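In what follows, a single structure is set out as structure tokens and then discussed.
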Amino acid sequence: MLGIEQFVSRTQKLLEKERAAEIDETRVRTAQFSPKQLQQQGICLLKLEISESCTGLYGRTVLTLKTSGPVVNGELPAHKFSPGDIAGISLTNSSLQDDLLATGIVSRVSLTSIQVALEKSDESVSLDSNTNELYRLIKLANEITYKRLKRALSDLNHYSSGPVQRLINVLFGLSELTPPLLPTPIRWISSNLDTSQQEAVHFALSQPEVAVIHGPPGTGKTTTVVEIILQAVHQGLKVLALAPSNVAVDNLVERLSVHHKRVVRIGHPARVLPHIQNFCLDALISFSEQTKLLVDVRRDIEKTLKKLKGSSGKERAVIKDEIKELRREVRQREEAATSEVLLHSDVILATLTSAGPDSPLKLLRDSKFQLVVIDECSQALEAACWIGLLNGSRCVLAGDIHQLPPTILSQDAAKEGLGLTLMERVIQMYGDKVVRMLTTQYRMHKDIMLWPSQQLYKGRLQAHDSVAGHLLKDLPGVEDCPETTTPLLLVDSAGCDLMELDVPAESSKGNDGEADVVAAHVQRLIKAGVSPGDIAVISPYNLQVDLIRQKLCVEFPKLEVKTVDGFQGREKEAIVISFVRSNEKKEVGFLAENRRINVAITRARRHLAVVCDTDTVSADPFLKSLVDYITEAGEVWSAEEYLQGIQASSKSQVHSSIRVAFEATPKEGKQSKAKEGTIGKVFDEQKKPVRQKTGDPKTANILTKSGTTDRTKEEKAKEFEKVLLDLLADPLKSSMTFSSSLTSYDRMIIHEVSERLGLVHVSSGEGKERFVVVSKSNVAQTELEISDPVSNPQQGELFEKTAIVQKPLNREIVSVEKDKVNNNSAKVTEKSAKVTQQCSSDLSRKEKKKDSKPKVKVPSQVRETSKALCRIDNDDFDALLAAATAVDWKCNFKKCKTKTGTLGGNCSFCGCRFCLEHMLPELHGCGEAARVHARQNLRHEANLCHGGRPLSRHGPAERSAQLQRKLNKKLDELSQHRKRTTKKDDTS
């Protein structure tokens, strides 16, 4: 147990380490980058001019800075300045290491200007507002916060007597807890409080020193805190409500404002949400009598400042004294108005660092608060909590110690104890004596809630009946499908080769393949009717957030993609989490932080999808428990299913044309459609993967790539083989279409069985609409001797021998398929006519040489095939397809009979298929066409190298002379400008 002096001494040293870490980060950034590079990063603005200087609240000078450069509509460059940031002002032509002219707080930001409230009135800056000087604005480390933290620790160490002394002794274990106060009757203001919330309110109001309200996610912690504050006001207590962030404070103000209490929000109006600015101290002061008198005084200050610009000597000194006196009067009247507002308020709200002795609270003098409430206490440094605690004799600490801790840059300082919050320390010291936990949650589906409840909250959480079973499909306009009926989903990328990006160890992590899977799942949800505004994608890593935003946010601007830290305190109907990490070393980095994972999981209301590599993340015991839980209580899908859909989308145009060709087959359309319904009844499986209850998801699920046993494969092969044999035995049927509800693994078995039986088999469609068409070869009708391309098929060669199955289409295959299939018999006949015309041409050699376009040498086998095609009936599509396919089964080079079903390539000029030996264009007669194509590519690349502009036609000498003339013209212009400036100076 630490004493007060020991605690103060240790914390001051740790704060020094944290401060040094922040300064080092800023120094490294300014040393490595130029001012222009810093402006590109958004932390610096160059070439600004002071357009206005006025006196603001408490007599501070407020500068309005605008850009002086030629910009569109006068808008500032893109930047990261926001109200509340600490900024420094210096001359643009000075170095970054030079002393700043002034520092201040950014008070307001617009598209065209930035207002900065200076910490101290700097007349040298205000005097330059009408000169031609240009200034630089740069973000600085927040030194004010550290000063306030140190002052609070110093006051704590020297606090010897007073109403706060009892609270200090209890919080440091120097005194025992005082017995609870006698209970008083409570008339509930909120009628919707559950039993645990009512018990927490009773407990907080009865504790003489400290009460801790532990509120897990979704349990109504803020609702309970608001009830405590309202009940305390009803009992006549003056309450100070604090929180570590402006957002949390504004949330409390918004909740309290509807109950018509006298609420005052301390802080600059620019830091407050617009709809609650009426409760700001500035707004309330503006209605007082003292403020009306200030209008004339401020006008006098402005007039006096104008006189100062043209004065000198003694007159200047007199004017300065007059300005100081006027500012003193302004300050006194403002303090009187501020004191009046604060004294008559019921609840005063502020951030922790804004409640110190240098804040407006100093005007209350000796009057202390009877109750100090700190919301989100688990996210604040203990030193920051003491800034507010020294203002009251009782306190209520609310938060969740299992969610994100305060942000600390120095890892050494965090390990040595700076990261231990006041709420954690009090719970460790007193346990259940001071803690009441909220146990009913109103956010998550019960399956989503159960894992964090068991792992972190001792299984005490219970889902309210209103949310226990709610799903996405219950939302209006949302379809009933696997994605919308699954509350808990694990998308496993193990075995899919989706490795994380190889980046330096200190850089953020990313996984582009996993980002594709996340984008595919989000698109499925939106396609099912879920609004993009009801979906959020979160990841622990900034780089992954950027990758996912590039893939989704352009098409769906209302979709939120943020880091876990940026989404704390928020919730969405559907949450998709990307864990990113996938590596051979099975390193999980700061995924091992339990608090961060808890926050990520508990943001979801109706649907939670976790995308991860289970092999990697299972190396951490906490993450392994999450994987095991979802495997048992939820559903596990393989990322391979999403990857196949992504791959199929790139082939959608070819697939759709093939499907149209098969559906348009004469005399077989109705039979194929009828047969498809039959096959769908026999072999239809659920589109969603099999729900797993026990075991490893990669071995228990038949739908995963590595999870199929030989026994299952043999059984399915026999079933499909029986159906295909019936097709061969039926003379009235020539094709069969298998249902799109089959899985990718089932389709692979169909292709393998069809290959073994000598049937033509083609996959078409994309994603969930992908299906297989199997037809007879009709060799007798083609009048061609087409030898079987596969004598001993092997499983490894199967995907290479089927033109558009499982293997991505290259450019040559796409062009040949378009010629032979998509354009049907008309294209094939046209091709044969062209070949015949070229073979019968009687042009002389001289006329051929004069022709600018090179002629393609047609192989002899193509001529023979074209003659055979002419003898086929154009209405017999199967025969035409088989004849066209025969071109790819043998090399088209003269006297070469090498089979090219497995190894071979298509010429991009003549479209014919050749073996590896004769695939070069120069060998089979397309050499001239290849040379022309190469020359065209060379010109195109040369244009690209010059920014898309044509190459200059001028020679080196002409180009040099042209540049010299431009230089001379520019020098003359600069010389004339200097002469005009000199004349003006002489005149003045």
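Basis for what follows: all heavy atoms, side chains included, without hydrogens, waters or symmetry-related copies. None of these values were measured; they are calculated from a predicted model.
Judged purely by atom type and a 3.5 angstrom limit, His470 uses its side chain to pair as donor or acceptor with the backbone of Arg605. With hydrogens and angles disregarded, a donor-acceptor distance shorter than 3.5 Å links the side chain of Arg394 to the backbone of Gln207. Counting only distance, with no hydrogens or angles, the side chain of Thr224 and the backbone of Gly220 share a donor-acceptor pair below 3.5 Å. Side chain of Asp346 to backbone of Arg262: a donor-acceptor contact under 3.5 angstrom is found. Proximity of a side-chain donor or acceptor of Glu514 to a complementary backbone N or O of Phe579 within less than 3.5 Å is detected. Between the side chain of Asp492 and the backbone N or O of Thr614, at least one donor-acceptor pair lies under 3.5 Å. Between the side chain of Asn511 and the main chain of Leu498, a donor-acceptor pair closer than 3.5 Å is present. A donor-acceptor contact shorter than 3.5 Å is absent between the side chain of Thr486 and the backbone of Glu483. Remark: side-chain polar atoms of Gln441 are paired, donor with acceptor, to backbone N or O of Arg443 under 3.5 angstrom. Thr484 contributes no side-chain N or O that, together with a main-chain N or O of Leu472, makes up a donor-acceptor pair within less than 3.5 Å.
Closest heavy-atom contact between Tyr541 and Gly589: OH-CA, 4.3 Å. Val426 and Leu397 get closest at one heavy-atom pair: CG2-CD1, 4.5 Å. Here the shortest heavy-atom pairing between Leu240 and Gly388 reads CD2-O, 4.0 Å. Listed here is the closest heavy atom pair of Ala355 and Asn391: O-ND2, 3.2 Å. Across all non-hydrogen atoms, the minimal contact from Thr421 to Ser378 is CG2-O, 3.5 Å. Between Pro208 and Pro179, the shortest heavy-atom distance links the atoms CG-O, 3.3 Å.
Taking CD of Gln462 as the reference point, atom CE of Met449 lies at 7.5 Å (rounded to 0.5 Å). For the atom pair CG of Asn251 and CG of Leu349, the computed distance is 11.0 Å after rounding to the nearest 0.5 Å. Here CG of Asp534 is found 10.5 Å from CG of Leu525. Values are rounded to the nearest 0.5 Å. The structure places CG of Leu177 at 4.5 Å from OH of Tyr430, a figure rounded to the nearest 0.5 Å. Once rounded to the nearest 0.5 Å, the distance linking CG of Leu438 with OH of Tyr457 reads 11.0 Å. Separating the CZ atom in Arg581 from the OG1 atom in Thr616 is a distance of 8.5 Å, to the nearest 0.5 Å.
Between Trp637 and Val517, the closest side-chain pair of non-hydrogen atoms is not below 4.5 Å. Two residues are said to be in side-chain contact when any heavy atoms from C-beta on lie closer than 4.5 Å; Gln197 and Glu227 fail this criterion. In this structure, the side chains of Asp516 and Lys551 come closer than 4.5 Å at one or more pairs of heavy atoms. The shortest distance between side-chain heavy atoms of Ile401 and Met423 falls below 4.5 Å. Put simply, the side chain of Leu171 reaches to within 4.5 Å of the side chain of Leu389, judged on heavy atoms. With a 4.5 Å cut-off on side-chain heavy atoms, Arg606 and Leu475 count as touching. Proximity of Thr184 to Leu205: side-chain heavy atoms (C-beta onward) are nowhere separated by under 4.5 Å. By the 4.5 Å heavy-atom criterion applied to side chains, Leu242 and Val249 are not counted as neighbours.
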Step by step, work out the side-chain hydrogen bond (donor to acceptor under 3.5 Å, both in side chains) result for Thr178 and Glu209.
CA-CA 7 Å; Thr178 304; Glu209 289 94 16; 2.3 Å; yes
Using the rule given for side chain to side chain contact (heavy atoms under 4.5 Å, CB included), can you reason through Val264 versus Leu284, listing the C-alpha separation, both sets of side-chain angles and the distance that settles it, and then say yes or no?
CA-CA 8 Å; Val264 179; Leu284 297 173; 3.7 Å; yes
Determine, stepwise, if the pair Val478 / Leu471 fulfils side chain to side chain contact (heavy atoms under 4.5 Å, CB included).
CA-CA 10 Å; Val478 178; Leu471 298 169; over 6 Å; no
Quick one: do Gln403 and Val599 satisfy side chain to side chain contact (heavy atoms under 4.5 Å, CB included)? Show the steps, please.
CA-CA 6 Å; Gln403 294 193 56; Val599 171; 3.8 Å; yes
Please report the C-alpha distance between Gln568 and Gln379 in whole Å, then the side-chain angles of each, then the deciding distance to 0.1 Å, and finally whether the side-chain hydrogen bond (donor to acceptor under 3.5 Å, both in side chains) criterion is met.
CA-CA 11 Å; Gln568 176 160 290; Gln379 299 180 33; 3.2 Å; yes
Apply side-chain hydrogen bond (donor to acceptor under 3.5 Å, both in side chains) to the pair Asp194 and Ser196, showing each step before the final yes or no.
CA-CA 6 Å; Asp194 58 54; Ser196 65; 2.7 Å; yes
Before giving the answer on side chain to side chain contact (heavy atoms under 4.5 Å, CB included), spell out for Ile538 and Arg603 the whole-Å C-alpha distance, their side-chain angles and the decisive distance to 0.1 Å.
CA-CA 10 Å; Ile538 57 180; Arg603 301 306 98 197; 4.2 Å; yes
Salt bridge (Lys or Arg N to Asp or Glu O under 4.0 Å) between Arg595 and Asp400: does it pass, once the steps are laid out?
CA-CA 10 Å; Arg595 292 180 173 186; Asp400 183 7; over 6 Å; no
Walk me through whether Asp375 and Lys221 qualify under salt bridge (Lys or Arg N to Asp or Glu O under 4.0 Å).
CA-CA 9 Å; Asp375 193 17; Lys221 173 181 60 63; 2.8 Å; yes
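Using modelled atom types and a 3.5 Å distance limit, the side chains of Arg255 and Thr223 yield a donor-acceptor pair.
A cation-pi arrangement is present between Arg436 and Phe203 under the rule of less than 6.0 angstrom and at most 45 degrees off the ring axis. In this structure, Arg570 forms a cation-pi arrangement with Phe567, its terminal cationic atom sitting closer than 6.0 Å to the ring centre and no more than 45° off the ring axis.
A ring-centre distance under 6.0 Å is found for Trp188 and His202.
Ring planes of His214 and His402: tilted class, angle from 30 to 60°.
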